[in-house]
Amino acid sequence: MAKTPEEWLIQAEDDMGTADHLFSSGRYVYAVFFAHLAIEKALKGIYHKKFDELPPKTHSLSWLIKRNELAPTPSMEKFIIELDYASIVTRYPEELKKVKAAYPRPKVEVILTQAKEVLIWAKKMF
């Protein structure tokens, strides 16, 4: 795990870059997974900074938002809930063909745009 809150943010930004690269190469399911990972790491960095301890091993963005006592906008909160769900099906797909069909390019493009907005918002907490 990252040893400083800032390292979490560095890794979050790098993961978002990876999401962009995966999107550009047509790997949409994995772009969604990395977008979630980027937000997760940013929120864990906030946790680390706020509580001066390593964050728990969780993938739940919603839990991290609540635990960090953050107040995203209603639309951002809705997106975070949707991204939490997407992370489960992209991390552990039951049938890859169906997951790929559920996350076509236009949908993933919107997800990445919204994820970048969340990342910008999270960076303000540093």
Side-chain angles (χ1 to χ4, degrees):
M1 278 206 213
K3 296 187 180 189
T4 66
E6 293 75 19
E7 180 61 25
W8 285 105
L9 186 57
I10 290 166
Q11 290 182 25
E13 290 174 334
D14 192 60
D15 288 343
M16 191 61 75
T18 299
D20 282 334
H21 180 74
L22 289 164
F23 178 80
S24 295
S25 64
R27 309 283 290 172
Y28 307 126
V29 170
Y30 306 103
V32 173
F33 173 79
F34 268 86
H36 180 279
L37 188 59
I39 303 306
E40 179 184 328
K41 287 181 181 177
L43 294 174
K44 286 182 175 184
I46 293 167
Y47 181 99
H48 193 163
K49 183 174 182 174
K50 184 172 186 169
F51 298 105
D52 195 29
E53 65 184 36
L54 290 175
K57 294 180 180 180
T58 181
H59 300 301
S60 174
L61 304 181
S62 299
W63 186 89
L64 288 163
I65 292 281
K66 287 176 188 166
R67 183 66 176 98
N68 285 329
E69 299 175 336
L70 302 175
T73 64
S75 62
M76 193 177 290
E77 188 169 22
K78 181 178 184 252
F79 169 71
I80 288 166
I81 291 166
E82 291 169 358
L83 191 57
D84 262 345
Y85 172 77
S87 78
I88 295 167
V89 298
T90 59
R91 184 183 304 262
Y92 309 109
E94 289 184 26
E95 190 177 329
L96 188 57
K97 186 176 181 179
K98 286 183 181 179
V99 175
K100 285 182 176 184
Y103 291 95
R105 180 183 177 92
K107 182 175 185 172
V108 175
E109 189 168 20
V110 171
I111 289 170
L112 291 183
T113 298
Q114 292 176 307
K116 289 174 189 173
E117 291 170 4
V118 174
L119 186 56
I120 289 167
W121 171 78
K123 287 168 59 174
K124 292 177 184 174
M125 312 300 165
F126 283 86

* Once you round to the nearest 0.5 Å, how far does CD of E6 lie from NZ of K49? -> 6.5 Å
* **I10 vs E7 side-chain heavy atoms within contact, under 4.5 Å** => yes
* Asked: Heavy atoms, side chains only, cut-off 4.5 Å: are L61 and V118 in contact?
  -> no
* CA sep, side-chain torsions, deciding dist, call: H59, D84, side chain to side chain donor-acceptor pair (under 3.5 Å) -> CA-CA 8 Å; H59 300 301; D84 262 345; over 6 Å; no
* Structure fact -> Interatomic distance, NE2@H36 vs CD1@I80, rounded to 0.5 Å, equals 9.5 Å
* Does a side-chain heavy-atom distance below 4.5 Å link W121 with T73? -> no
* Asked: Above 12 or not: heavy atoms from other molecules or residues under 6.0 Å from OH of Y85?
  -> no
* **side chain to side chain contact (heavy atoms under 4.5 Å, CB included) evaluation trace for V32 with L83** => CA-CA 8 Å; V32 173; L83 191 57; 4.2 Å; yes
* Asked: Roughly how far, to the nearest 0.5 Å, is the CG atom of L43 from the OG atom of S60?
  -> 9.5 Å
* Structure fact -> In short, P5 meets G45 closest at the heavy-atom pair CB-O, 3.5 Å
* Would you call Y47 and L54 a side-chain contact if the rule is heavy atoms closer than 4.5 Å? -> no
* Asked: Honestly curious: do W63 and M125 fall in one hydrophobic cluster under the side-chain, below-4.5 Å linking rule?
  -> yes
* Asked: Are any of the side-chain heavy atoms of K50 and R67 separated by less than 4.5 Å?
  -> no
* Can you tell me how far the CG atom of L22 sits from the CG atom of D15, to the nearest 0.5 Å? -> 10.0 Å
* Asked: For P72 and I65, which heavy atoms make the closest approach, and how far apart are they?
  -> CD-CG2, 3.8 Å
* To do: Give a yes or no on whether a salt bridge exists between D14 and K41, defined as a side-chain N under 4.0 angstrom from a carboxylate O.
  => no
* If we only count heavy atoms from C-beta on, is the D20 to F34 side-chain gap below 4.5 Å? -> no
* Rounded distance [0.5 Å steps], CD1 in I39 versus CG in L64 -> 11.5 Å
* Do the side chains of Y30 and T90 get nearer than 4.5 Å, heavy atoms only? -> no
* **Test item: V89 and E94 side chains (from C-beta on) under 4.5 Å apart, heavy atoms** => no
* A12 and L119: which non-hydrogen atoms are nearest, and at how many Å? -> CB-CD1, 4.1 Å
* To do: Would you name the heavy atoms of L112 and A31 that are closest together and state the gap between them?
  => CD2-O, 3.9 Å
* Short side-chain to backbone donor-acceptor contact, K44 and W8, under 3.5 Å -> no
* **R105 side, atom CZ; F23 side, atom CZ - distance, nearest 0.5 Å** => 4.0 Å
* Asked: Which heavy-atom pair separates P104 from Y28 by the least distance, and what is that distance?
  -> C-CD1, 4.4 Å
